[in-house]
Protein chains: 4
Amino acid sequence: MSAAPRTARGEQTRRRILEAAEHVFAEHGYTESSVSRITERAGVGQGTFYLYFDSKLDVFDELVEDLNQRVRHAMSEGARGATSRLEAEREGFAAFFRFTAEHPALYRVVREAEFVSPGALRLHYTRIVEGYIDGLRQAQLDGEISDIDPTVAAWALMGIGEMIGMRWVLWGNGAGGPGDDADPTASGTDAVPEHVLDEMMRFIGGALGRGDRRSEGEDS
Amino acid sequence: MSAAPRTARGEQTRRRILEAAEHVFAEHGYTESSVSRITERAGVGQGTFYLYFDSKLDVFDELVEDLNQRVRHAMSEGARGATSRLEAEREGFAAFFRFTAEHPALYRVVREAEFVSPGALRLHYTRIVEGYIDGLRQAQLDGEISDIDPTVAAWALMGIGEMIGMRWVLWGNGAGGPGDDADPTASGTDAVPEHVLDEMMRFIGGALGRGDRRSEGEDS
Amino acid sequence: MSAAPRTARGEQTRRRILEAAEHVFAEHGYTESSVSRITERAGVGQGTFYLYFDSKLDVFDELVEDLNQRVRHAMSEGARGATSRLEAEREGFAAFFRFTAEHPALYRVVREAEFVSPGALRLHYTRIVEGYIDGLRQAQLDGEISDIDPTVAAWALMGIGEMIGMRWVLWGNGAGGPGDDADPTASGTDAVPEHVLDEMMRFIGGALGRGDRRSEGEDS
Amino acid sequence: MSAAPRTARGEQTRRRILEAAEHVFAEHGYTESSVSRITERAGVGQGTFYLYFDSKLDVFDELVEDLNQRVRHAMSEGARGATSRLEAEREGFAAFFRFTAEHPALYRVVREAEFVSPGALRLHYTRIVEGYIDGLRQAQLDGEISDIDPTVAAWALMGIGEMIGMRWVLWGNGAGGPGDDADPTASGTDAVPEHVLDEMMRFIGGALGRGDRRSEGEDS
DNA sequence: AATGAATGAGAGTTCATTCAT
DNA sequence: GATGAATGAACTCTCATTCAT
């Protein structure tokens, strides 16, 4: 049974293992990552791992949890200070893409979670979506956007961010075509090009509409 | 080295292995699926597997390829006969969700492909997206939709379909909450509820807009 | 149970398998050679193999037997017409080296026989040695060489031929140093350089001495 | 990846595996020796093997290397104190035969190396031959032997030792005839009979000649 | 707190051989 | 006579995890 570290030294060791795990998982995926590779990278003995984690799956879950908190924090930080829902959306996405570019682990690790730890995956998506829903509902109250079902819209937004992020961040801005069989680790980590972000926001802007549009439309 | 079957009997055996692989992969994911589980399910000896496939990865790739063709066929069949781009979109998505509900393997297998066979994953998404792009371009020529960048819009549509499909088809219509840690296999395979499809299409309809809207708006 | 071919067609098939086996064994050694590789090279079905041979070991033995006959034939052909024991020796060795260069299988296959089929190995060496012994004994009767124990001398000659052949024929005339880790198949198949053959014969000439030397030497 | 043992316990385990490997390889040859047989004999778990060796081939190479050092040491120890080149040769061969009798692995393992690890094989022979060459050259400077090409002579000596060793040590002093199909392991491990050694040395003595013979002999 | 040694179950894969056609 | 389908035992190697120090 693992235990919480009792000393500052222990705390540090634990953190080093977690960081090593993030890198290793990001590079090789869950199944191809071995505990020994993690401990090696962390510079600790193999046995030490089990002082702080119950199992390989245990670190994985903790990692997903950790990444989820960090990405949500990054997104809300990015959106802070926006003066409209759409601006908030844009800044939130931009922050998300930046975070993804800096932590490719997020994508890779999370996607693999479907098989490894389905609960963690659902929790991850659901939490982000809940943030969207809150924002959308508020915007609807403010008459800023249409009265679309906020849950459906939120999952749609989630999907857009995921796919655009995969296509332009993870695969790199260049080709990204199927021929590009290369090591996924190697692919670009640039942010999404400005043009793509613009068009994506135009797409979303139209999707969410204006609060008054429907009445207008229905009036005519 | 594997070889193509040279007799009807061999052809049948190969097909049985492929079918077994689809089920096993869908249930357990790539890494948790062993060749022996596949051959056991197919009712053949372990060695027989290697008569027709070079490796475990080989079947996987073939399976992704196969599923890709089938889902695209299902989507274009679904959309055939639609009288507008939006109707085509709706019917295409509906067909996609139906297919997903009937073949949960698609989702699971494809998502895992990111680590297992990145080339296969990209090819899969890219092909579907190319179909979208063609449709969007035509609709733009017909003045049916706005002049949004079709590539960006297509990837956004792909993401929407993916995420909505995951949320409502794969996780089931019910809870789907994070607490639902259970065996993903067990989750519902119903289609997406009518209401969700409606709202999703409202979202997409707004996103793609009308071809004349921008000019009109800009004119005024 | 295999059987002797009953038709001309069968005879031909059998021979094709045997030839294919020689090449495959020579290139990959016994254990790395699979029956399927042999049948593939022979252009026949896998089952056909067992029509003419009881087992993989069976072809191997037959091959060793066959090579043994051919190399002894080549050696005696080479030595035919020699006017002295030493000349006969030289021509015999030269023929041996030529044969080895043309059929590297001999060396490789025979050497591996030690583990695969020890009986075959012993038989191979013993037969060649017996030829030497006969020749040496005759030469002694003719007073051409010293009265050294012909059995010991014969095995010594066998060893010299083996080692020189390995060093200069199998490893190639060039470097042959230990650094040369390359594929043994690729190594040169040139014959032994003239100079080496000369020196080797000087060595052997001294070793066998002249029949009159001992008496002479002892007399003095 | 294997690693060097870091504790005394690990060191001991590694040595036990190496010793077990020597016996198992000597008895069954490389291909018929399985890692599990080795670990079983060493009394350790299968996985333990890979703690200290990268692969089956890895132990094999190390074993060849080890045997090579030991046999060369035995030979130079044996020859130490000899007062003539010929005496040194005789004692060196005697030591070689004794070593072979005590470590039949040498022969079997080395001979199989041709296919398993050609580089190791060449290195083994080349190193021994180099020792011969040095000795021969020195003896030539001292006028003790003829001016024969030392490289050719050295390889010839190597071959003689190999073959005589195989015939009388490995096959046993008795029959050795081809009929003796039995398990090669069972064959005798006695040293070479005195008579054989005598005759072999007479052969070699004549071959190397005396430094003054050629000029003197040819002059007279 | 920390570690390296040890393990055994299980993975993917190969192959000599048999057999129905 | 000839064949390709089929098999299952055996192989090498990996790895999460436990434990004595």
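Lettering follows sequence order; numbering is per chain, from 1. In this text the structure is predicted, and so the values were computed from the model without any measurement.
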Among F:dG1, F:dA6, E:dA5, which nucleotide sits nearest the side chain of D:Thr7?
-> E:dA5
Could you list the residues that satisfy side chain to side chain donor-acceptor pair (under 3.5 Å) with B:Ser34, not counting sequence neighbours?
-> B:Ser36
When we call it a touch if two heavy atoms are under 4.0 Å apart, what does D:Phe53 touch: a base, just sugar-phosphate, or nothing?
-> nothing
Write down the distance between CD (B:Glu40) and P (E:dG10), rounded to a whole number of angstrom.
-> 13 Å
Does C:Gly29 offer a backbone N or O that forms a donor-acceptor pair with the side chain of C:Arg108 under 3.5 Å?
-> no
Rounded interatomic separation in angstrom, taking OH from B:Tyr52 and C1' from E:dT13 = 17 Å
When we call it a touch if two heavy atoms are under 4.0 Å apart, what does C:Pro5 touch: a base, just sugar-phosphate, or nothing?
-> nothing
Using a cut-off of less than 4.0 Å, is there contact between a side-chain N or O of A:Thr13 and OP1 or OP2 of E:dA1?
-> no
More than 12 heavy atoms of other residues, nucleotides or ligands under 6.0 Å from CD of D:Glu32: is that the case?
-> no
More than 12 non-hydrogen atoms from neighbouring residues, nucleotides or ligands closer than 6.0 Å to CD on B:Glu40, yes or no?
-> no
Please tabulate, for side-chain N and O atoms in residues 52-60 of chain D, each donor-acceptor pair with protein atoms closer than 3.5 Å (sequence neighbours left out).
residue, atom, partner, partner atom, Å
D:Asp54, OD1, D:Ser2, N, 2.8
D:Asp54, OD1, D:Ser2, OG, 3.3
D:Ser55, OG, D:Leu57, N, 3.4
D:Ser55, OG, D:Asp58, N, 3.1
D:Lys56, NZ, D:Tyr30, O, 3.1
D:Lys56, NZ, D:Ser33, O, 2.9
D:Asp58, OD2, D:Asp54, N, 2.9

Under 3.5 Å, side chain of C:Thr39 to main-chain N/O of C:Val35, donor-acceptor pair present?
-> yes
Per-nucleotide pairing state of DNA chain E [Watson-Crick or G-U, under 3.5 Å; [ ] pseudoknot-crossing; | other strand] = .||||||||||||||||||||
Report, one line per pair, each donor and acceptor closer than 3.5 Å where one atom sits in a side chain of residues 18-25 of chain C; sequence neighbours left out.
residue, atom, partner, partner atom, Å
C:Glu22, OE1, C:Arg70, NH1, 3.4
C:Glu22, OE2, C:His103, ND1, 3.4
C:His23, ND1, C:Glu19, O, 3.2

Given atom CD of B:Gln12 and atom P of F:dG4, what is their separation to the nearest angstrom?
-> 19 Å
Given atom CZ of B:Arg15 and atom C1' of F:dA5, what is their separation to the nearest angstrom?
-> 16 Å
Is the shortest distance from a Lys or Arg side-chain nitrogen in C:Arg122 or C:Glu114 to a carboxylate oxygen in the other one below 4.0 Å?
-> no
Quick one: what's the B/S/- string for nucleotides 13-21 of chain F, heavy-atom cutoff under 4.0 Å, read 5' to 3'?
-> BB-SBB---
Apply side chain to side chain donor-acceptor pair (under 3.5 Å) to B:Thr31 and list each qualifying residue two or more places apart in sequence or on a separate chain.
-> B:Glu112
Separation of B:His28 atom NE2 from E:dG10 atom C1', in whole Å?
-> 15 Å
